[in-house]
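A quick note: this is a predicted structure, and the numbers were derived from the prediction, not measured. Heavy atoms only: backbone and side chains are in, while hydrogens, waters and symmetry mates are out.
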There are 2 protein chains.
Amino acid sequence: MTALHLNELSNQTWKLFLTTHVMVIEQIERDLAAANLPPLSWYGVLWTLEKAPDHEMRLHELAEQVLLSRSNITRLIDRLEEAELLCRKRCPRDRRGAYAVLTEAGLAMRQQMWAIYSQGIARYFAKQLNAEEMNTLNQAFQQILAAVKETPVAALGE
Amino acid sequence: MTALHLNELSNQTWKLFLTTHVMVIEQIERDLAAANLPPLSWYGVLWTLEKAPDHEMRLHELAEQVLLSRSNITRLIDRLEEAELLCRKRCPRDRRGAYAVLTEAGLAMRQQMWAIYSQGIARYFAKQLNAEEMNTLNQAFQQILAAVKETPVAALGE
DNA sequence: TCAAAGTAGTTGCATTTGCAACGAAAAGGA
DNA sequence: TCCTTTTCGTTGCAAATGCAACTACTTTGA
């Protein structure tokens with residue numbers, strides 16, 4: 001019966017996890033929109049590129065890092081290129097391939113977005129937790145992530 | 001300098017939060033799809049209705065509980081009604097209003113989905129955490145949620 | 001009582017997503 | 001070498017989402 005209670009706690013915590021995620025993300029999106037800034041999905045791309053050597057990265061690599069499908073990254077890059085925050089560059093080594101290269105405007109935009117975004121993270125997330133709780137969450141997420149990554153592509157029914 | 005470290009930890013934890021969310025959700029969606037079951041979004045509606053008195057609920061109430069916009073709930077209900085998992089019922093007291101009412105098939109489907117879904121929650125989430133960690137997460141999410149809910153609709157720049 | 005304001009649910013439209021298929025190019029293997 | 005398989009990025013198409021407008025109805029309050 002301890003098991004039952006633990007299970008109920010787990011399910012409740014899972015639901016809180018989902019709820020917290022939507023609520024916080026929606027709030028941050030509202031904050032960004034109110035500042036006339038692009039949505040959160042753009043930030044991931046800009047930041048990943050900024051960290052990459054020469055501010056450039058192959059599209060499939062980018063897709064992998066920001067957890068988007070290939071087709072999805074193609075169109076997201078389309079929009080960012082349209083907004084001149086990055087540009088495409090052909091790959092000399094692999095004639096199928098392309099790089100996304102961050103522009104100056106892209107770099108500046110990343111910083112503008114971070115001003116708002118970091119405020120949101122601080123206000124809605126970080127300030128609500130003490131150091132010990134933060135450490136526990138960090139560790140917990142790493143454990144969960146490891147478990148999901150170990151899951152084989154088709155591992156049902158067992 | 002402790003402040004710096006704490007901040008870095010916070011940002012890393014935030015990123016882990018985002019990554020964990022997509023990875024686990026995508027995995028559970030794959031599990032559901034592999035069992036020929038509907039997506040996770042359907043589950044929330046079915047479960048909320050099942051808990052409600054007489055297995056019925058006003059649409060705007062439902063929207064609020066499953067965290068969807070009104071227009072969004074309309075179309076989601078459309079799909080569920082199309083699949084005969086629920087049906088609409090006019091509200092006698094308020095002639096603008098409508099109820100969503102769970103059907104037998106809807107009840108059965110909720111249970112089928114739960115068989116897979118609960119397995120996912122257990123495997124990818126609950127089993128990765130001990131009781132203490134689970135308690136900390138539960139508490140942490142409640143704190144965060146409270147903070148977001150307290151945030152006024154337009155509260156930028158301060 | 002009656003006009004103004006608010007609320008419930010739906011709809012149109014533009015944007016975004018997900019899936020499968022495609023052409024082009026590279027990699028692997030007999 | 002030559003044929004098969006894999007990978008890269010894109011595209012078409014259907015489905016889902018978000019926003020604003022709309023109809024119908026209720027509530028408010030002068």
Side-chain angles (χ1 to χ4, degrees), chain A residues 21-23 25-34 36-45 49 56-83 86-101 153-154, chain B residues 21-23 25-34 36-45 49 56-83 86-101 153-154:
Chain A
H21 184 265
V22 273
M23 297 283 286
I25 293 296
E26 283 185 351
Q27 183 60 48
I28 292 178
E29 293 281 16
R30 272 192 296 272
D31 292 351
L32 284 169
N36 284 312
L37 292 171
L40 219 36
S41 56
W42 290 32
Y43 185 85
V45 172
L49 277 180
E56 66 181 34
M57 193 177 266
R58 287 291 294 272
L59 294 199
H60 68 276
E61 226 175 331
L62 200 47
E64 196 182 3
Q65 295 238 2
V66 301
L67 300 174
L68 281 178
S69 67
R70 291 254 170 80
S71 74
N72 225 315
I73 211 53
T74 294
R75 321 234 208 205
L76 182 50
I77 296 293
D78 283 349
R79 282 168 249 151
L80 286 159
E81 193 172 27
E82 168 72 27
L86 55 78
C87 59
R88 271 178 241 248
K89 196 181 82 177
R90 312 195 85 264
C91 175
R93 303 196 162 209
D94 184 339
R95 284 193 289 174
R96 294 167 301 180
Y99 287 99
V101 190
V153 190
Chain B
H21 184 266
V22 274
M23 297 284 285
I25 293 295
E26 283 185 352
Q27 183 60 49
I28 290 178
E29 293 281 16
R30 271 192 298 272
D31 292 350
L32 284 169
N36 284 311
L37 292 171
L40 219 36
S41 56
W42 290 31
Y43 186 85
V45 173
L49 277 181
E56 65 181 35
M57 194 176 263
R58 288 291 297 271
L59 294 198
H60 68 275
E61 227 175 331
L62 201 47
E64 196 183 2
Q65 295 240 0
V66 301
L67 300 175
L68 281 177
S69 67
R70 292 256 168 81
S71 75
N72 225 315
I73 210 56
T74 293
R75 317 235 211 205
L76 182 50
I77 296 294
D78 284 349
R79 281 168 250 149
L80 286 159
E81 194 172 26
E82 167 74 26
L86 56 77
C87 58
R88 272 178 240 245
K89 197 182 81 177
R90 310 196 86 262
C91 175
R93 304 192 161 211
D94 185 338
R95 284 193 291 176
R96 291 168 304 181
Y99 287 99
V101 190
V153 190

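OP1 and OP2 of dC13(C) both lie 4.0 Å or more from every side-chain N or O belonging to R75(B). Close to dA26(C), at under 4.0 Å from its OP1 or OP2, lies no side-chain N or O of R93(A). Side-chain nitrogen and oxygen atoms of R95(B) include none within less than 4.0 Å of the OP1 or OP2 phosphate oxygen of dC25(D). Residue R96(A) has no polar side-chain atom (N or O) positioned under 4.0 Å from OP1 or OP2 of dA24(C).
Remark: C1' of dC8(D) and CG of L62(A) are 14 Å apart, rounded to the nearest angstrom. If you measure from atom CG of L68(A) to atom C1' of dG9(D), you get 14 Å, rounded to the nearest angstrom. Atom CG in N72(A) sits about 16 Å away from atom P in dT15(C), given to the nearest Å. Distance CD (E64(A)) to P (dC8(D)): 9 Å, rounded to an integer number of Å. In this structure, R90(B) places its CZ atom 12 Å from P of dA24(D), rounding to the nearest Å. Per the geometry, CG belonging to L59(B) stands 13 Å off C1' belonging to dT7(C), to the nearest Å. In this structure, the CZ atom of R70(B) is 17 Å from the C1' atom of dT17(D), given to the nearest Å. One can place CD of E82(A) at 14 Å from C1' of dT15(C), the figure rounded to the nearest angstrom.
Shown here for A63(A) and S69(A), the closest heavy-atom pair between the two residues is CB-O, 4.4 Å. Of all the heavy atoms in R90(A) and Y99(A), the pair that sits closest is O-CD1, 4.2 Å. When every heavy atom of V45(B) is checked against every heavy atom of I73(B), the shortest pair comes out as CG2-CD1, 4.4 Å.
Nearest-nucleotide assignment on DNA chain D puts the 5′-proximal partner with T74(A), out of E26(A) and T74(A). Take the nearest nucleotide of DNA chain C for R79(A) and for I73(B): the residue whose nucleotide is more 5' is I73(B).
For E64(B), the CD atom sits in a loose shell: 12 or fewer heavy atoms of surrounding residues, nucleotides or ligands are nearer than 6.0 Å.
Using a 4.0 Å heavy-atom cutoff across all strands shown, S71(B) reaches at least one base atom of the nucleic acid.
Across E81(B), E56(B), M57(B), a single residue satisfies side-chain contact (heavy atoms from CB on, under 4.5 Å) together with L86(B), and that is E81(B).
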